Amino acid sequence: MRRLPHPAPLPRLLHPAAWWVWGAGLAVAASRTTNPFLLVLVVAVAGWVVLERREKGVPNAFLPFLVVGLFAIGLRVVMVALLGGGVTGRVVLFRLPEIPLPQWTSGVRLGGAVTLEGVLAAAYEGLRLAAMLACLGATNALASPRRLLRYVPATLYEVGTAVVVALTFAPQLVDDALRVRAARRLRGHSGRGLAEIGRLAVPVLVGALERSLHLAASMESRGYGRAVRRTRSSAALAGALTLLGLFGVVTGLYGVLDGTAPLLLGAPMLAAGSLCAAAALVVGARRDPRTRYRRDPWQGAEWLVSAAGLVPGVVLAVAAASGWPGVVPQQVPATLPSVPLALVAAIAVAALAAPLAPVPPALALARERAS
Amino acid sequence: MIRFEDVAVSYDTDAGAGRGPERLVFSGATFEVPEGELVLVVGPTGSGKSTLLRCVNGLVPHFSGGTLHGRVTVAGRDTRSHRPRDLADVVGFVVQDPVSSFVTDTVEDEIAYGMEALGVDALAMRRRVEETLDVLGLADVRARALRELSGGQQQRVAIGAVLAAGPRILVLDEPTSALDPVAAEDVLAALNRLVHDLGITVVVAEHRLERVIHHADRVVLVGDGSVSGLLDPAEAMLSSSIFPPVIGLGRALGWTPLPLSVRDARRRAHDLRQSLANASGAAVPGAGSAAGGLPTEGTASTLPTDASRVALPTDATAATAVAPAAVAATDSPRGPVVQTDRLAVRRGGVVALRGVSLSVGPGEVVALMGRNGAGKSTLLASLVGQTKPAAGTIRVGGLDPTRAKPAQVVRHAGLVPQDPSLLLYADSVAQECAAADHDFGVPHGSTAAVLERIAPGIPPEQHPRELSEGQRVSLALAVVLASAPEAVLLDEPTRGLDYAAKRRLLQLLRRLADAGHAVVVATHDVELAAEVATRVVVLAEGEVVADGPAPSVLSGSPAFAPQVAKILHPLAYLTVKDVVAALGEAS
Amino acid sequence: MSGRSRWRTAASMTLVLAVGVAAFGWPFLAAPGSQVGQLGHGTDASFVFVLLMALMCLVLLAELSSGGIDAKTIAVLGVLAAAGGALRVLSAGTAGLEPMFFLLVIAGRALGAAKGFLLGALALLASAFLTAGIGPWTPFQMICCGWVALGAGLLPRAAGWAERWLLAAYGLVCGLLYGAVMNLWFWPFMGSSAPAGAGYVPGAGASANLGHYAVFYVTTSLAWDLPRGVLTAALTLVASRPLLRALRRSVRQARFEAPVRFAP
């Protein structure tokens, strides 16, 4: 059933969902470990795949996410240095003057000894977050999330349409805002400052709302909402399932949060409720006659890329759960973390996504021209 | 295909308070449009053209509310029982502004959108998208973002988007009003192909009649609450209250049958050209020398090398004889109001203006012409300091607008932007005027007084957004004029105006020039330039390629000649009024 | 929206509100010895709640649109969501000061609670798409923004200056609360790297954790949230009058439920 891709697959865009599965798998892998070597490897793998398979013209979200990640590491280290952390170490790097705080702040301290172990623990935790962010950034860069909008279940068709409309209108509104601001000069104002924002917002928004009426007329004339022939029974079923599911979820939550509740009321109820609610999404979508234009096919490459992301996720999750050495490095005393080769290999599998996925068309064209 | 049986439409005057008294938009519409016809709906602004069109696919009353009397049947389906969406496969409706009708952001997705909603299966959808792209000549831009397209391409995508669902009827509400001539031609050619090659029935409302009247098979006149039946175009134009210059000439001279196109009129005008040439001998040599020979040589004007030389009319005799408005105002003691010297502007990496030297004196009306992106708007924007020049200098009333504060600039130069609504943000005309008084530091009531002078009778409690296009331009102009700037600049002011509103604007501009303002109008509207401009400056790729008195620049140019000039070529008459006046003198 | 679907919507809104409270507030609600408490360090519970909130988001959006949304409403929601998204794009330089909130407050007020919720959620989703910032935080943010706009629609009736000040005060509160609530979803994630006395301690009880969180919030987030709240309030004061009028006028003009009649 699984068909190996053609030796040189034709350039095309990979199904966006495949990239999201891949990214989620890698992010899960990152979330399971605080081993800095493994985390850096995750970032490197994500960055390399972005470099190899990001379609030209898609904004590179990887870099901003990486910057935010670095910022998170820095913030954590500074905070631990100033406020102390959950790890009490023995190797004191330096001492900050400690500011005595009143009694009621219970347990908070300001300043004092900064330990190597504390700083390292904070840096590892920060790195873990940064690696997860890098995975998300890579996914955003590899498969523009707006392409996912084509795959929303039909139950969410209307909402999806509203988002599509919003994405179409937003750049126009930015242009409008700039034009209105330029026009403010014509009345002798600079268009800057807080009070001006109100003045700017009104013409932009009123103009936009006026256009929204034209849009509505155009949508109505083009058959929007025509094909909705959900049968009364399926609608009622979906409604009932929704309520039942939500009720189940709430009960389940109560169960897992309250220590005295019977075990059955907890996780099983939660799962059952979630299933019910998810089923409502599917049932509501049944018999929806609307169709979609040019869906991306789900072929061998999609299976392989998804698998390449899921392998490290599953392996790291299992490793963390069963306490393999090297997944969570020893914190006190600080030692150089070991590098478990099995885990390195598992993460490296994610890098296979780059050769496994077809080259996106515009990138392929650019590469051909360059060579 | 489309049957109107004694149709009338009325709206409640107050939607909130139950059933108020009803306002009748029109009544007595009875006609039947046969298959394959191109029907043109003609009427002044606010006469109910849009309402009539929206009846065809049931947007009135299903979408707009209100009461529909009588019966509209489209391809056998009654709009009473079929909502617009149920007619999507029968009638395609294209709204006026294509940009605001787009749901998605790329060409292909937009064309497919309607079919997705109708549930066309994937294979058929793919095929129809390809067919639609071919029919409308959009295959090259299929993957492009809609906002990067030109106006004409956007309008064609909007047409394709409704056409893809396979309707046999297309309804278009002013498809070319907001477009420049080239884009309009582009869209009309596409429409013509649909009618002639595919036999699609088209109903179109348009107030730029000169663009469409010769394509029309039938005309429906709307006005004063009544709707005519299907008329022959020439017959309809005899009684229509709005008409293009070619019809105006025919009507003034009593030609029957009325010629509808320049080609027909030119054939008919052989004798007229003879008698005009004999009658006003004084005009012909001057005009002849400017516009004689091949049309391409006709743009006989001096390329500006020196700002002071440019301002002089090169052919004073022609200018005074043909365009009476051109009383040489340049030799005013005050010197030029607007002056640029080797001005260059870069916008987003592109050179928008390159070495533009221009000077405009008080009392002059200068028409800036040229295709889209030639730098017209950029020039106006830099005159009010909205863009910074990369090189060269600008002087407006002795002030450098790029350095001065906005509050100072507005005392010397006022610009009405292409979309006048950008200037308006208050809730009522009165508040708008009061705000303008406050903005410019002029005594309370000044703006309202200006408005009353230039456009009397606009109700002060009206919301600026609910004014007609013409009134909105007037209001924006009043706001701009409140600070009494020496230079009045207008960017494309006739976009969306009907003939009557345009006539009022023309008179206003002339009065402003007579009062000593320097007026600069960036426009595609050759008729506007012909009527009011004393000088025409043509920009191309950011450079001035022609600068001279209106008659000599306009009459010979194939792109910028008004209809009358095309009919009477090589004689340099620009307007019907000129012709009538010349004939009157002769007799 | 018919009467029956109205109560169903209200019921599901309330249930999702309960889920939301649990999803955000579980560090305080989890009793010692409960199943969540046994999940060990907070990461696993956080994962469960991320998935749960994503599902809740979808279910609620589906429920709100189950009766079908007509073209006018879709267009108005889309355009306002675009405005929110555009504000967020334009303000990308202001370090998350999010002027989007004032639009949500004002639009929620004009559109009412149910449409307000949809608008809030969609505006945030649109802005996440525009900035390519989709992540596990998106469902949490969507629900929070939905609540912000929904709350504005539920505020008591007022007019004139009273309404302006009411909305401004609400904007200030929202700016602060949004930060407090949004920090909650990742707070347990901090694990041992949270500052001493400011981290989540599983099984330590509600009051202890609440105290820890208060410290955490004041030391890390208040510096961002206070300016945001003040900005929202100031913008609301300045712009609410003309914007509310413009919005209400547009809603009136759109004639959402205009009577349609046929006469012979």
Side-chain angles (χ1 to χ4, degrees), chain B residues 5-12 14-20 22 24 27 54-55 58-72 78-85 88 93 95 99-105 113-114 117 421 424-428 431-432 435 462-466, chain C residues 65 67-83 85-86 89-90 102-103 106 110 112 122 125-132 157 159-161 163-164 235 238-264:
Chain B
E5 291 168 60
D6 197 23
V7 174
V9 174
S10 56
Y11 293 120
D12 298 348
D14 190 57
R19 281 195 75 167
E22 293 197 334
L24 195 68
S27 61
R54 281 162 181 249
C55 285
L59 279 174
V60 172
H62 288 289
F63 185 78
S64 60
T67 310
L68 181 85
H69 307 260
R71 186 183 295 272
V72 180
D78 189 338
T79 63
R80 289 158 171 255
S81 47
H82 291 78
R83 289 184 60 89
R85 58 185 182 217
F93 184 86
V95 298
V99 177
S100 65
S101 75
F102 293 149
V103 180
T104 65
D105 57 357
Y113 174 77
S421 313
L424 311 174
Y425 51 77
D427 283 334
S428 72
Q431 282 177 28
E432 197 66 69
Q462 186 108 8
H463 197 287
R465 293 265 169 185
E466 280 159 13
Chain C
S65 59
I69 309 181
D70 67 86
K72 280 179 194 171
T73 312
I74 284 285
V76 167
L77 282 180
V79 163
L80 286 175
V89 172
L90 285 178
F102 96 99
L103 184 77
I106 294 176
L122 292 181
L125 190 59
S127 75
F129 277 124
L130 287 171
T131 53
R157 271 174 190 280
W161 64 266
E163 186 175 37
R164 260 165 82 194
L235 281 176
V238 170
S240 69
R241 210 160 53 108
L243 269 185
L244 266 181
R245 246 195 322 228
L247 273 169
R248 285 184 174 143
R249 185 176 149 270
S250 301
V251 168
R252 204 172 53 239
Q253 246 185 0
R255 300 162 69 99
F256 280 105
E257 265 128 43
V260 174
R261 280 186 301 272
F262 296 96

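Lettering of chains follows the sequences in order, A, B, ..., and the numbering in each one begins at 1. Treat the numbers as computed from the prediction; the structure is a model and nothing was measured.
With a threshold of 4.5 angstrom between heavy atoms, B:Thr79 approaches chain C through N, CA, C or O but not through any side-chain atom. For B:Ser64, the part sitting under 4.5 Å from any heavy atom of chain C is the backbone (N, CA, C, O) and nothing else. For B:Phe63, the parts lying near chain C are the backbone and the side chain together; criterion is any non-hydrogen pair under 4.5 Å.
Residue B:Arg83 qualifies as enclosed at atom CZ: its count of foreign heavy atoms under 6.0 Å is above 12.
Looking only at heavy-atom pairs under 4.5 Å with chain C, the residue among B:Glu466, B:Arg465, B:His463 that has the most is B:His463. Interface check for chain C: of the options B:Gly70, B:Ser10, B:Ala426, B:Ala8, the most heavy-atom pairs under 4.5 Å are formed by B:Gly70.
Among residues two or more places apart in sequence or in another chain, the salt bridge (Lys or Arg N to Asp or Glu O under 4.0 Å) test is passed with B:Asp78 by B:Arg71.
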